[in-house]
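So you know, we letter chains A, B, ... as the sequences are listed, proteins then strands, and number each from 1. As the structure is a computational prediction, the values presented were derived from the model and not from experiment.
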Amino acid sequence: MKNNSLMFLARRVLRINHSSPTSNWRRYWSTPSTSSPSTNSKLFVAGLSWSVDEKSLKDAFSSFGDVTEVRIMYDKETGRSRGFGFVSFSKEDDASSAKDSMDGKAFLGRPLRISFALEKVRGAPVVVPRITSIEDAAARKN
DNA sequence: GTTGAGCGTT
């Protein structure tokens with residue numbers, strides 16, 4: 001029937017426009033560049049009170065291990081904290097234990113939200129996966 | 001004197 005062939009074509013179009021590019025976009029957002037988030041020794045710390053500075057943040061995390069870097073993002077104009085920052089440990093083990101025990105815990109009146117940081121490096125080339133057309137992949141198979 | 005999810009260089 002005519003409708004059957006139309007549906008067949010429609011399904012193929014949907015597969016081409018949806019399935020493959022979707023997985024490419026997922027990979028773009030979930031794979032920053034280098035290491036996987038689970039092996040990251042840098043923590044993303046949000047939920048900070050606006051009165052928290054880098055010193056008090058480092059003091060709070062130093063009990064879990066060697067803190068190599070503490071960075072809080074400040075507003076460019078007002079100079080006040082933006083409420084989140086990054087804490088690096090020399091050992092991933094310490095970062096992991098610090099995250100486990102500090103995540104959700106209140107710090108200066110606000111509950112902390114901690115997760116492993118994405119490896120964002122200024123000047124690093126952005127890895128954009130090539131959008132491989134499904135026709136090429138299918139043609140290569142044959 | 002304020003606001004409240006988030007992934008970056010003030």
Heavy-atom side-chain proximity of A:D66 to A:K91 below 4.5 angstrom: yes
Side chain of A:S115 (C-beta onward), nearest among B:dG8, B:dT10, B:dC7: B:dC7
Of the listed nucleotides B:dC7, B:dT10, B:dG8, the one nearest the side chain of A:L118: B:dC7
Just the rounded figure in Å: distance from [atom2] of [N] to [atom1] of [X].
X      : N     : atom1 : atom2 : value
A:Y74  : B:dT3 : OH    : P     : 20 Å
A:F86  : B:dC7 : CZ    : C1'   : 4 Å
A:F116 : B:dG8 : CZ    : P     : 18 Å

Heavy-atom closest contact (A:I114 atom, A:M102 atom, distance):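 Heavy atoms only, the tightest pair is CD1-CB, 3.5 Å.
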Closest non-hydrogen atom pair between A:F89 and A:D94, with its separation: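 Minimum heavy-atom contact is CD2-CB, 3.7 Å.
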Qualifying ring-ring contact (aromatic ring centres under 6.0 Å, His included) pairs with a residue from residues 40-68 of chain A, counting only residues at least two apart or across chains: A:F44-A:F84, A:F44-A:F86
Distances for protein N or O near nucleotides 4-6 of chain B N or O, under 3.5 Å:
residue : atom : partner : partner atom : Å
B:dG4   : N1   : A:L48   : O            : 2.7
B:dG4   : N1   : A:W50   : NE1          : 3.3
B:dG4   : N2   : A:L48   : O            : 3.2
B:dG4   : N2   : A:G83   : O            : 3.3
B:dG6   : O6   : A:G83   : O            : 3.1
B:dG6   : N1   : A:R82   : O            : 2.9
B:dG6   : N2   : A:R82   : O            : 3.3

Side-chain donor-acceptor contact under 3.5 Å, A:D59 with A:S56: no
5' precedence on DNA chain B between A:S81 and A:E69 (nearest-nucleotide basis):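 Comparing both residues, the 5'-ward one is A:S81.
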Listed once per pair and sorted, the side chain to side chain donor-acceptor pair (under 3.5 Å) pairs that draw on residues 75-89 of chain A, sequence neighbours left out: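 Pairs touching residues 75-89 of chain A that pass the test: A:D75-A:T78.
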